[in-house]
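Small disclaimer: the values here were computed from a predicted structure and weren't measured.
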Amino acid sequence: MTMLQQLGIDRMSTAERLALAQEILDSVAADQPLPPLSEARREELRRRLADAIANPADGVPWEQVEAAALARFGQCVHSLDQSCVCIS
C-alpha cells in the first residue's frame, strides 16, 4: 500500500490533491531560511522605497495591474485572496 493510499489521498479529487500539494510546498518553503540579499538588490530596494515615498501617486493598485495582465495575456492567475481568475 502506498502512502497516498494509506493517507486516503488517492481518493481525493484532482482539485483537492492540487490544493494539498500547494499547502505542502508552502509549508516546506516557510521552513527554509531566506537567502541573504546581495548589496545590489538591497540598494535597488532602497531606491524603490525612496521613489515610492517621493512619488506616492505613481503607484498602481493591484486590481488594476491584475486586470491589465488578464486583458493582455488572457490566462488564469491567482488573485491576492488565492481565488483563480480565468479570462480567455
Next item on the list: Using a 4.5 Å cut-off on heavy atoms from C-beta on, say whether the side chain of Leu18 contacts that of Thr14.
Entry: yes

Next item on the list: Please answer: with hydrophobic residues joined when any side-chain heavy atoms are less than 4.5 Å apart, are Ile53 and Leu45 in the same cluster?
Entry: no

Check: Hey, what do you get for CD1 (Ile9) to OG1 (Thr2), rounding to the nearest 0.5 Å?
Finding: 8.5 Å

Item checked: Flag, side chain of Glu16 to backbone of Ser13, donor-acceptor distance under 3.5 Å -> yes

Note to self: Do the side chains of Glu43 and Arg48 get close enough for a salt bridge, i.e. N-O under 4.0 angstrom?
What the structure shows: no

Notebook entry, point to check: Below 4.5 Å, heavy atoms only, C-beta onward: do Leu7 and Met3 meet side chain to side chain?
Noted result: yes

Next item on the list: Mind checking the CZ-CG spacing from Arg46 to Asp51? Nearest 0.5 Å is all I need.
Entry: 16.0 Å

Item checked: Ionic contact status for Arg47 with Glu44, cut-off 4.0 Å -> yes

Next item on the list: Indicate, with yes or no, if Leu37 and Leu49 share a hydrophobic cluster defined by side-chain heavy-atom contacts under 4.5 Å among Ile, Leu, Val, Met, Phe, Trp and Tyr.
Entry: no

Notebook entry, point to check: Which atoms form the tightest heavy-atom contact between Arg11 and Gln5, and what is the distance?
Noted result: NH1-O, 4.0 Å

Notebook entry, point to check: Are any non-hydrogen side-chain atoms of Leu20 and Arg17 less than 4.5 angstrom apart?
Noted result: no

